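Input: a single structure, listed below in structure tokens.
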Amino acid sequence: MFSLLKKEIQLEWRQKHALAGVLLYVLATVFVCYLALQSIEAPDVWNALLWITALFTAFNALQRTFHQETGGTLYYLYTLASPRQIMLAKMIYYGLQAALLNGMSFALFLFFFGTGVFSDADMGQFLTGLLLGSTGLGMALTFLAGLVFRSGAGAGLVAVLGFPVVMPLMITMVRFSRFAMDGLSWSENGLNLLILLVLNAAFLILSLVLFPYLWRD
Amino acid sequence: MKVWLKVICILLLVYTAIAGMVHPLIPGGLDVRTETLHPGLNSFTFIGYNTSFLEQRSELQLFVAVDSTFFCATITEVTDNTHASATVELPDTLPSVSFAFYANTPHDGTVYVGKAVSHRGFATDPVARPAGCNVNVVSDEHAAFGFPFQIILFETIRNIMWHVPMWFTMFVLMLFSMALSIKTLRAMGQETTDVHQYKKVLSADRRARIYASSGMLFCLLGLVTGSIWARFTWGAWWTMDPQLNGAMVVFLVYAAYFILRSSIEDEEKRARLAAIFNIFAAVLMVILLMIMPRFAEGLHPGKSGNPAFSQYDLDSSLRTVFYPAVLGWILLGYWLYSIHYRIAQLEETDEHDA
């Protein structure tokens, strides 16, 4: 398990250029937002831009999830570990990666636009939303990337399948973080949190249950 | 599909189409026309809906309620079955200034209009008990059998027989589709090179596909009937409602399912991957349409504290048409599926022969 996780991290490190590409993408997106708007007074706009950035970053970073697993590596992995372990390792890794990237776009937004819209916000709540949203995005897209990889179709299909699938997550995340920005209490925002957790759990369980069928040939 | 099932399906649908249209709405109060209310003599016109003022002229009573005090009005003119004018004498001091207008007939029961009317010159005193008159309020008892009268909905309440069964049907078809996808995966799990096994997999996959495509049709019909209904009740073709947005996402997810299918050439691989995605889609559908709308504020009845029809369908008149409608449409969905399935089968044998 841990060696699988380590393998993912090492692979990513060896492909620094790809990760650097995504980081550049995040920076460029936020900077373009800054050039276009300069300052954002409305929390709605802030929220929308952050999540749009997060969504597209996730798609950019995660559609290559399985592309290192070509030819021999696939069969080698197959002999070493069960498909569930492989999937779990990948989901943990990419969930964390998505959280990291989204945390970075959040930090960049704060850097460029200041903290004005967060004057009443419950930061702990907002960051929880960011984390859960990112892990959900990461898990769902990792699974779909695996599905598309096995189908042999181009990576463009990930976006086609992924957008509808992550929509419920986006709807809830946008509402949850919007409420957090208004500084609503945990109990008032609890139902949205519950839905976020349910979606995360659904993605996790479905991926683990279905992945073995995906993996075999 | 068995012939007797088809017959039941047709009978149910014909029944719901006719019964859904011919039942009248029960009488209700539509509006009140009045000047600014003031102490002393006021005149107003009560406008009813499906009422029969003219026929029951002698027994008609009109009165104004302020809190629990009633002030009887003197009827001056009954123009037709739905319009009655009257005058009422109001005192200087009232317990509150929330006025409601009532019309009372032994045949139609008591109908009322609760409306914000402008008023001027009243002193309010919560303990004031001005002398009112005694009336016999017969609320919610109707001799006539009919659909509930709901402000905003009015006659469009009949759409419940069309709009809601579409979603029930879609739900059932999609769940069948998911069950067949599970069957596809299970049949694949057994390691065998048997040709029959292979055929079984492809057949289950084909049935899953056809169920999903029939379900898509009902999803589309549900969206269209809902959109028209929303235009007439909520004022817009599309409104920010979790149920609506959820339905749209479900439609997109299943559209993605068909895109996935069409982008894979190999039959066996397509069956496997499509089945996996289909299970994913069905779980999302349940979350989107059953769980999420319950937790978000929306406009649909039965959700987020809005009343479902159990609260106002007092004589079960809606139910007597609604349940047959649901059953009829589900049967129609299955019928549609079986026709599609036969076509797919014929196309396949055609390919083998050629």
Side-chain angles (χ1 to χ4, degrees), chain A residues 87 136 139-141 143-144 146-176 178-179 188-217, chain B residues 178 181-182 184-191 201 240-266 268-297 304:
Chain A
M87 189 60 198
M139 288 191 293
L141 291 181
F143 180 75
L144 288 177
L147 191 101
V148 171
F149 172 66
R150 300 296 282 172
S151 79
L157 195 59
V158 179
V160 175
L161 301 185
F163 275 116
V165 167
V166 300
M167 209 92 82
L169 196 67
M170 290 305 288
I171 293 170
T172 321
M173 281 192 310
V174 167
R175 201 168 45 225
F176 181 83
R178 185 66 186 75
F179 284 0
E188 283 169 298
N189 214 350
L191 288 173
N192 288 324
L193 184 69
L194 194 71
I195 299 177
L196 274 184
L197 288 174
V198 165
L199 282 169
N200 267 288
F203 287 146
L204 182 71
I205 293 167
L206 277 176
S207 304
L208 289 181
V209 170
L210 295 175
F211 191 71
Y213 294 101
L214 194 69
W215 192 241
R216 327 174 297 112
D217 245 328
Chain B
M178 183 184 78
S181 283
I182 292 172
T184 311
L185 290 181
R186 287 181 73 93
M188 278 181 168
Q190 296 149 7
E191 292 290 337
V201 168
M240 194 63 195
D241 177 86
Q243 200 93 15
L244 255 74
N245 293 336
M248 190 48 135
V249 175
V250 167
F251 186 77
L252 292 176
V253 168
Y254 277 96
Y257 167 75
F258 287 103
I259 291 173
L260 175 69
R261 291 193 70 92
S262 62
S263 62
I264 305 171
E265 288 292 323
D266 179 56
E268 192 264 343
K269 190 184 260 180
R270 180 169 58 209
R272 186 155 49 92
L273 298 182
I276 291 172
F277 190 80
N278 194 17
I279 295 169
F280 217 91
V283 173
L284 274 183
M285 176 184 76
V286 173
I287 293 178
L288 275 164
L289 294 183
M290 304 292 283
I291 300 176
M292 280 174 64
R294 269 164 221 284
F295 294 145
E297 61 288 347
S304 58

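Since this is a predicted model, take the numbers as computed values, not measurements.
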Interface moiety of Leu273(B) toward chain A, non-hydrogen atoms closer than 4.5 Å: both
Interatomic distance, Leu147(A) atom CG to Leu161(A) atom CG [nearest 0.5 angstrom]: 6.5 Å
Rounded distance [0.5 Å steps], CG in Leu185(B) versus CG in Leu210(A): 7.0 Å
Plane angle bin for Tyr257(B) and Tyr254(B) - parallel if under 30°, tilted between 30 and 60°, otherwise perpendicular: perpendicular
Side chain to side chain contact (heavy atoms under 4.5 Å, CB included) partner of Ile195(A), the single match among Ile171(A), Thr172(A), Leu169(A), Asn200(A): Thr172(A)
Ile259(B) vs Leu157(A), side chain to side chain contact (heavy atoms under 4.5 Å, CB included): CA-CA, chis, key distance, verdict: CA-CA 9 Å; Ile259(B) 291 173; Leu157(A) 195 59; 3.9 Å; yes
Contact class of Val283(B) relative to chain A, heavy atoms under 4.5 angstrom: side chain
Pairs of heavy atoms under 4.5 Å with chain B: top-ranked of Ala140(A), Ser207(A), Pro168(A), Gly162(A): Pro168(A)
Contact class of Phe143(A) relative to chain B, heavy atoms under 4.5 angstrom: side chain
Interchain contact, Ile276(B) with chain A, by part (heavy-atom threshold 4.5 Å): both
